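As a basis for the values below, the full set of heavy atoms in this structure was taken, side chains included, without hydrogen atoms, waters or symmetry mates. Not measured: the values here are computed from a predicted model.
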Amino acid sequence: RIMQEPGMKPLERPQISRHETRQTPPYRDGQSMNDLGFCEQFTVWAVRTQWPHGENTEETGLIDDAFAALDLPEGCHLVADFTKALKQTVSRPLVIPEPTTPRLTHDEAQMLRFLAGLQGLAQCEGTPCLASPAWRPALRLVIALNAAGLHFGRRWYESASFPEALPQLH
């Protein structure tokens, strides 16, 4: 409890329950990428680009350039660690489509809910986050995104979709 000086009034602020402030962002199967904020679009794009072509140096260079434009030079390695952990964590093949696919898959929606949960915007669903081997790589990725000012659940570029909002790469 904060000690107050005599004669000071306590701050009046509405009481919000913890449950109300930690709602799960509405990520769902079939959701248009255009309905997502920049952080979500960028994360899905990076995972999709790494997923089928993890060893492709051309695509890795593209991810490196994109993360460098966001002042996150280690971002490519963080995404690679996260995707590797996802592959090891889930016993079935995950549905991660090509980068140009316009809609989220069920697996991508779950991935975004997991990452948003780690960022503190929502509680993780099902098993606790700590039980997953993907927890540590995911947490490192989320901390880096957070440090770059990217947050899940926000629409950073309300009028621009992902390609227009991405910084120009030369």
Side-chain angles (χ1 to χ4, degrees), residues 24-90 92-122 124-125 129 132-170:
T24 303
Y27 308 125
R28 63 190 179 285
D29 183 21
Q31 183 174 5
S32 171
M33 291 290 286
N34 291 331
D35 293 341
L36 302 175
F38 180 75
C39 183
E40 290 89 346
Q41 290 183 25
F42 186 80
T43 302
V44 169
W45 171 81
V47 169
R48 285 178 176 181
T49 303
Q50 281 268 335
W51 198 264
H53 313 289
E55 301 302 319
N56 187 330
T57 56
E58 182 180 317
E59 298 216 354
T60 301
L62 181 61
I63 295 172
D64 279 334
D65 291 346
F67 276 108
L70 294 173
D71 201 22
L72 269 175
E74 74 283 5
C76 182
H77 299 292
L78 294 172
V79 171
D81 291 346
F82 177 59
T83 57
K84 181 180 176 184
L86 282 178
K87 289 175 187 177
Q88 294 171 348
T89 301
V90 181
R92 64 174 174 77
L94 293 174
V95 179
I96 307 292
E98 292 295 318
T100 57
T101 304
R103 301 207 173 272
L104 285 180
T105 66
H106 176 73
D107 291 330
E108 291 171 326
Q110 283 188 310
M111 175 191 71
L112 289 176
R113 284 192 296 270
F114 178 65
L115 293 172
L118 290 176
Q119 200 172 51
L121 296 176
C124 290
E125 298 174 354
C129 294
S132 171
W135 179 78
R136 287 179 191 230
L139 186 59
R140 286 192 295 270
L141 176 61
V142 165
I143 289 170
L145 292 171
N146 203 39
L150 299 177
H151 304 280
F152 293 94
R154 293 187 184 169
R155 296 276 319 238
W156 288 101
Y157 298 96
E158 291 293 333
S159 61
S161 63
F162 176 69
E164 290 81 28
L166 183 66
Q168 292 295 319
L169 302 175
H170 299 282

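Between the R48 side chain and the T101 main chain, a donor and an acceptor come within less than 3.5 Å of each other.
Residues passing the side-chain contact (heavy atoms from CB on, under 4.5 Å) test with E74 are L72, L78, A144, sequence neighbours excluded. For D107, the salt bridge (charged side-chain N to carboxylate O under 4.0 Å, His left out) test picks out R92, with sequence neighbours left out. Under the side-chain contact (heavy atoms from CB on, under 4.5 Å) criterion, N146 pairs with Q119, H151, sequence neighbours left out. Residues satisfying the side-chain contact (heavy atoms from CB on, under 4.5 Å) test with A138, not counting sequence neighbours, are F82, F114, L115, L118. By the side-chain contact (heavy atoms from CB on, under 4.5 Å) test, A80 pairs with Q50, sequence neighbours left out.
Remark: M111 CE to I96 CD1 distance equals 6.0 Å, nearest 0.5 Å. Taken to the nearest 0.5 Å, the CG atom of N34 stands 6.0 Å off from the CD atom of Q41. Separating the CG atom in L104 from the CD atom in Q110 is a distance of 11.5 Å, to the nearest 0.5 Å. Within the model, atoms CG of L70 and CG of D65 stand 11.5 Å from one another, a figure rounded to the nearest 0.5 Å. Between the CG atom in L145 and the OG1 atom in T43 there is a gap of 5.0 Å [rounded to 0.5 Å].
P137 and A85 get closest at one heavy-atom pair: CG-CB, 3.7 Å. Shortest non-hydrogen contact noted between L112 and F152 is CD2-CE2, 3.8 Å. Scanning both residues, W51 and L94, for their nearest heavy atoms gives CH2-CD1, 3.5 Å. Listed here is the closest heavy atom pair of R28 and D35: NH2-OD2, 4.4 Å.
By the 6.0 Å contact criterion, CG on D71 is open, its count of non-hydrogen atoms from other residues, nucleotides or ligands being 12 or less.
By the 4.5 Å heavy-atom criterion applied to side chains, L36 and Q31 are counted as neighbours. For the pair V44/Y27, no side-chain contact is recorded, criterion being any heavy-atom separation below 4.5 Å from C-beta on. Proximity of E108 to P97: side-chain heavy atoms (C-beta onward) are separated by under 4.5 Å at one or more points.
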